[in-house]
Amino acid sequence: MEIINSINDLYKMLEIWEIRLQAYEEEKKAIEKLGKFGGPKPIGSIDYSQPRVSGGGGQLDFGETLSLLHRIESHISIHEDNIKNIKSKIKSIEDKVNEFEGIDYKVVYYRDIKGMTLQQIADKLNYSKRQIERISSRNKKCI
């Protein structure tokens with residue numbers, strides 16, 4: 001279960017999902033390069049004067065390539081959906097916060113956007129904690 005204390009948490013989650021999406025897209029490109037989509041590499045001559053190297057530069061089997069690409073495409077799709085969902089949540093929260101005015105706006109902004117505690121808000125706005133608690137309780141959390 002996700003625990004979100006402020007919109008900053010959503011921004012951090014968004015950044016993580018975007019980084020992971022980028023990694024999957026790069027992995028997809030690498031697999032496409034290794035796949036035998038153009039057929040096998042031509043057979044060349046062997047240069048016995050060079051040291052023998054094994055393990056690098058091989059090609060992937062066509063079936064294996066398709067399987068890997070399908071798996072990665074699935075992950076990319078999931079990541080794109082989650083990024084879209086997080087962006088939608090962020091916009092929704094920002095829209096709700098902008099509906100408030102005056103002290104209500106400030107309390108909701110500091111509580112839901114900045115993730116500050118009610119005591120921190122009271123100190124910042126020079127109100128008692130009890131006053132901020134009353135203001136906060138009449139304004140539902142946007143998250």
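Residue numbers count from 1 along this sequence. Everything numeric in this text was worked out from a predicted model, so none of it was measured. Basis for what follows: all heavy atoms, side chains included, without hydrogens, waters or symmetry-related copies.
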Visitor: Does a side-chain heavy-atom distance below 4.5 Å link Lys28 with Glu25?
Guide: no
Visitor: Quick check for you: to the nearest 0.5 Å, what is the distance between Asn8 atom CG and Asp112 atom CG?
Guide: 11.0 Å
Visitor: Can you run down the ring-ring contact (aromatic ring centres under 6.0 Å, His included) pairs that involve residues 75-96, sequence neighbours left out, and say none if there aren't any?
Guide: Trp17-His79, Tyr24-His75, Tyr24-His79
Visitor: Flag the pair Ile135 / Asp104 as yes when at least one side-chain heavy-atom distance between them is below 4.5 Å, and no otherwise.
Guide: yes
Visitor: Distance from Ile7 atom CD1 to Ile86 atom CD1, nearest 0.5 Å?
Guide: 11.5 Å
Visitor: List the residues meeting side chain to side chain donor-acceptor pair (under 3.5 Å) with Ser128, not counting sequence neighbours, and say none if there are none.
Guide: Gln131
Visitor: Set out, in order, the CA-CA distance, both residues' side-chain angles and the distance that settles side chain to side chain contact (heavy atoms under 4.5 Å, CB included) for Gln22 and Glu18, then state yes or no.
Guide: CA-CA 6 Å; Gln22 182 181 6; Glu18 287 175 335; over 6 Å; no
Visitor: Does Tyr105 have any ring-ring contact (aromatic ring centres under 6.0 Å, His included) partners at least two apart in sequence or in another chain, and if so, which?
Guide: Tyr109
Visitor: CD1 of Ile31 to CD1 of Ile72: how many Å apart, nearest 0.5 Å?
Guide: 3.0 Å
Visitor: Would you say Arg130 and Arg134 make side-chain contact, with heavy atoms under 4.5 Å?
Guide: yes
Visitor: Nearest 0.5 Å, what's the CG-CG distance between Leu118 and Asp123?
Guide: 11.0 Å
Visitor: Within a radius of less than 6.0 Å around CD of Glu15, do more than 12 heavy atoms belonging to other residues, nucleotides or ligands occur?
Guide: no
Visitor: Taking only residues two or more places apart in sequence, or in another chain, which ones meet Asp95 in a side chain to side chain donor-acceptor pair (under 3.5 Å)?
Guide: Lys91
Visitor: Going by side chain to side chain contact (heavy atoms under 4.5 Å, CB included), name the residues that satisfy it together with Ile16, two or more places apart in sequence or in a different chain.
Guide: Arg20
Visitor: Is there a side-chain contact between Tyr127 and Val107 (heavy atoms, below 4.5 Å)?
Guide: no
Visitor: Please report the interatomic distance CD1(Ile113) to CD1(Ile90), rounded to the nearest 0.5 Å.
Guide: 9.5 Å
Visitor: For Glu94, is there any backbone N or O sitting under 3.5 Å from a side-chain donor or acceptor partner on Asn98?
Guide: yes
Visitor: To the nearest 0.5 Å, what is the distance between CG (Asn139) and CZ (Arg111)?
Guide: 6.5 Å
Visitor: Quick one: list whatever passes side chain to side chain contact (heavy atoms under 4.5 Å, CB included) with Thr117, sequence neighbours left out.
Guide: Gln119, Gln120
Visitor: Using modelled atom types and a 3.5 Å cut-off, is there a donor and acceptor pairing between side-chain atoms of Ser88 and backbone atoms of Lys84?
Guide: no
Visitor: Are Leu34 and Thr65 side-chain neighbours, meaning at least one heavy-atom pair lies under 4.5 Å?
Guide: no
